[in-house]
Structure formats: C-alpha cells, structure tokens
A.B. asks: 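Below you'll find the structure I mean.
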Protein chains: 2
Amino acid sequence: MRNKKVGCAKFGFKMSNILYAVFLYLLMDNSASGYELSEELSKVGIDPSYIPSGIAYRLLRDMEANGLLVSKWETSGSGPAKRVYKITESGKKYLEAWLVEAKRNLQTMENLIGLIERRLKDE
Amino acid sequence: MRNKKVGCAKFGFKMSNILYAVFLYLLMDNSASGYELSEELSKVGIDPSYIPSGIAYRLLRDMEANGLLVSKWETSGSGPAKRVYKITESGKKYLEAWLVEAKRNLQTMENLIGLIERRLKDE
DNA sequence: TTCTGTTATGTGTAAAATACACATAGGTGA
DNA sequence: TCACCTATGTGTATTTTACACATAACAGAA
C-alpha cells in the first residue's frame, strides 16, 4: 500500500497514551525500573517484543518530564545501576482521566464495529 | 506536554484504518461522493467536523489507488461535478479483514481498561 | 454583470508520532 | 579476556496527522 496521509485524532486510542496508562498501572503497586516494566507488559496482555526497549525508556523519561513519575538511581544489588520509577499524585490523576476517556473511546469503537458487523452479516 | 516519541503500533486502532472502514461501510449500500461521505460520518457517530474535508478527499484517493474503490465523474445534476465512489470486491474483503482485526483489538482494550478500572476502584 | 454564497474537489507543508538501528556500560562466569 | 546478560540510552528516517490554503462550477441577489 502506498503512503497514506489522513489526519484527525480526537477519535481514538493513541499508542503512546496507552503505554502511559499501562506503565502508570504497573507502577500503582510497586516502583520498578524500565527494564522490569518492559518485562511486565505481558501482565496486561501486551507482548513485550512489540515494544522495543529503547522506546520504553524514552517514554518513561518523557513521563517523568511531564511529572507523572519520579525516578532515582538504585546502585545496590547485583548488575548495572537501575533507574527506578515511582508514580506521582499527578500520575494517578492522569491515569484516572485516561480511563474516563478510554471508556468513551471504547464505546465509540464498539458501536462502530457493531454496525459494520451487522451490515456484513446480512450480505 | 512536551514532544513524545514512542513507536510500536501493531497494537491498536489507527485513525486512517478506522476511516477506511467507515467509508467502505458507508459505500456498501450506495455509491457516493466525497462530499456526501463526509456528511454521512454522523451516521456512525463521528462528528464530521473532526474530519476536515481535505483529509477525507485525500483518503478516498488513496483508497482508490489501493483498489478498494473506483470512481467516476458525475456531471449531471446541478452544481459542480462530483467524483462518485463505488466499493470494489477488494474493498469488501478489506472491510471484512478490518473487522476481524478490530474485534481483536477491541478485546485487548476492553481487558486493559477493565484491569485499570478495577485497580483504581479499590484504592 | 458582478458579487456572494454554496457545493465540490483538491494541494502544500509543518508538526507529531512511530519504527528501526545503533551506542554505552557494569557485572559475571568460562 | 572474551562472551554474555542486565540495564539504559540516542540518532534519525519514515509515516501519520494537523492545519491552512487554492481552485472552480453554478445559483441567486443586487
């Protein structure tokens, strides 16, 4: 397929936002490093190999820059130092707001998919 | 929020694909012009003002280039000429395949949203 | 007859998001 | 000392999305 240029979000699920939510969710219980978080993606049904580690790290740094997380270096333990992330109050608020919007988007997609499914069934 | 660079689709709903599906769905019943299709977006719960007309036209041309639609000029009737689109067999197949994938993605999102909702509830 | 509004189709390009590949470095054990 | 595992990060090309603008036929009013 050739190049597509389309435009217009406001409608849906954006990957970066989904991953924001996933990491925030995973950090609700315990602090964790980027490496650990990447591995824990399978807990929410996402194949970790879909998310190259470089991308996860960049995302986490952005989340920290946006105040959703804070990090500190952990040098104890074996192996190289880890940057361990912890969720902030602002991060929790973000997750709550994301949930509200995601539920609305889910509803829109359900309606659309339902329409199309019914239309294709009675062909 | 500052610039985010994230990566990794394979996971979800891409706007252009959703609009492909919506236009194909709308064209299942009747042929229509880009202008008409833009207005009919409200039929599937999408506010037409979300999709600037320039974007809809470009998308339809792309869909034709990809063999999902065919068009012809309609000069009869009043007002300027219309490019009227009709769905192809390939377009129908695309829509069917989209539906299967969309249902899977919907399921993934439902699971994720459910997890997060339950976690936030018992805070 | 020209000016304004409506229908109708398109293009150019800046900005943002995504994909892919590469770079760095500490520690462990053969 | 070399390979391997853990761990974090950067560079940049490509693709997607957003926003603004350009074109043109026709209708009706001034």
Side-chain angles (χ1 to χ4, degrees), chain A residues 1-21 23 31-41 46-66 69 71-85, chain B residues 1-20 22-23 31-41 46-66 69 71-85:
Chain A
M1 293 241 182
R2 62 165 248 242
N3 184 27
K4 282 168 278 179
K5 291 194 179 181
V6 203
C8 32
K10 326 187 168 176
F11 186 43
F13 300 105
K14 201 167 53 171
M15 197 59 211
S16 53
N17 291 340
I18 295 172
L19 287 176
Y20 266 44
F23 286 141
S31 298
S33 68
Y35 193 86
E36 288 159 349
L37 288 168
S38 284
E39 293 194 317
E40 285 177 9
L41 287 174
I46 299 175
D47 181 345
S49 69
Y50 278 1
I51 318 293
S53 58
I55 282 166
Y57 290 121
R58 187 140 42 189
L59 190 63
L60 289 164
R61 301 302 293 274
D62 284 338
M63 292 174 74
E64 183 169 23
N66 290 326
L69 304 176
S71 73
K72 57 169 195 266
W73 284 100
E74 193 183 288
T75 44
S76 66
S78 74
K82 297 175 179 184
R83 182 189 287 280
V84 175
Y85 289 97
Chain B
M1 292 242 182
R2 61 166 249 237
N3 184 26
K4 284 168 277 181
K5 292 194 180 182
V6 200
C8 33
K10 322 185 171 181
F11 184 43
F13 300 104
K14 201 167 53 171
M15 196 58 211
S16 52
N17 291 340
I18 295 172
L19 286 176
Y20 267 43
V22 168
F23 286 140
S31 297
S33 67
Y35 193 85
E36 289 159 350
L37 289 167
S38 284
E39 292 193 319
E40 285 177 10
L41 288 173
I46 299 176
D47 181 346
S49 69
Y50 278 2
I51 318 296
S53 58
I55 282 164
Y57 290 121
R58 187 139 42 190
L59 189 64
L60 288 165
R61 300 302 294 274
D62 284 338
M63 291 173 74
E64 184 169 22
N66 290 329
L69 305 177
S71 72
K72 57 169 194 267
W73 284 99
E74 193 183 288
T75 45
S76 65
S78 75
K82 297 174 180 185
R83 183 190 286 280
V84 175
Y85 289 97

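The structure presented is a predicted model; accordingly, all values stated were derived computationally and were not measured. Chain letters run A, B, ... following the sequence lines, proteins first, then strands; residues in each count from 1.
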A.B. asks: Could you work out which one of C:dG10, D:dT8, D:dC19 sits closest to the side chain of A:Ser33?
C.D. replies: D:dT8
A.B. asks: Take atom CG of B:Leu60 and atom P of C:dT9, then tell me their distance rounded to the nearest Å.
C.D. replies: 9 Å
A.B. asks: Hey, is the side chain of A:Ser53 poking within less than 4.0 Å of OP1 or OP2 on D:dT8, counting only N and O atoms?
C.D. replies: no
A.B. asks: Side chain of A:Tyr57, heavy atoms from C-beta onward: which of C:dG10, C:dT28, D:dG9 has the nearest atom to it?
C.D. replies: D:dG9
A.B. asks: Whole angstrom is fine here: how far is it from CG in B:Leu59 over to C1' in C:dT11?
C.D. replies: 15 Å
A.B. asks: Kindly point out which of D:dT8, D:dT17, C:dC20 is positioned nearest to the side chain of A:Arg58?
C.D. replies: C:dC20
A.B. asks: Would you mind telling me which residue lines up with the more 5' stretch of DNA chain C, A:Gly79 or B:Glu39, judged by nearest nucleotide?
C.D. replies: B:Glu39
A.B. asks: How many Å lie between CD on A:Glu74 and P on C:dG26, as a whole number?
C.D. replies: 18 Å
A.B. asks: Ignoring the backbone of B:Pro80, work out which of C:dG10, D:dA25, D:dC19 is nearest its side chain.
C.D. replies: D:dA25
A.B. asks: Quickly work out the B:Asn17 CG to D:dT15 C1' distance and round it to whole Å.
C.D. replies: 12 Å
A.B. asks: Using OP1 and OP2 only, check whether a side-chain N or O of A:Arg83 sits under 4.0 Å from D:dA7.
C.D. replies: no
A.B. asks: Check every atom of C:dT7, C:dG10, C:dT28 against the side chain of B:Tyr35 and return the nucleotide holding the closest atom.
C.D. replies: C:dT7
A.B. asks: In whole angstrom, give the distance that lies between atom CD of B:Glu36 and atom P of C:dT6.
C.D. replies: 18 Å
A.B. asks: Taking NZ from B:Lys14 and C1' from C:dA16, how many angstroms apart are they, rounded to a whole number?
C.D. replies: 15 Å
A.B. asks: So, using side-chain contact (heavy atoms from CB on, under 4.5 Å) as the criterion, who are the partners of A:Pro48 when residues are at least two apart?
C.D. replies: A:Leu41, A:Ser42
A.B. asks: From C-beta outward on B:Lys82, which listed nucleotide comes closest to its side chain: C:dA8, C:dT11, D:dT17?
C.D. replies: C:dA8
A.B. asks: Quick check for you: to the nearest 0.5 Å, what is the distance between A:Tyr20 atom OH and A:Leu69 atom CG?
C.D. replies: 9.0 Å
A.B. asks: Under 4.0 Å, heavy atoms only, any strand: does B:Gly54 hit a base, just the sugar-phosphate, or nothing?
C.D. replies: base
A.B. asks: Between atom CD1 in A:Ile51 and atom P in C:dA21, what is the gap in whole Å?
C.D. replies: 16 Å
A.B. asks: Quickly work out the A:Met15 CE to D:dT14 P distance and round it to whole Å.
C.D. replies: 23 Å
A.B. asks: Within the 4.5 Å heavy-atom criterion, are A:Arg61 and A:Tyr85 side-chain neighbours or not?
C.D. replies: yes
A.B. asks: What I'd like to find out is whether the side chain of A:Ile51 reaches to under 4.5 Å of the side chain of A:Met15, using heavy atoms alone.
C.D. replies: yes
A.B. asks: What closest approach, in Å, do A:Ser16 and A:Leu59 show between heavy atoms, and which atom pair accounts for it?
C.D. replies: O-CD1, 4.4 Å
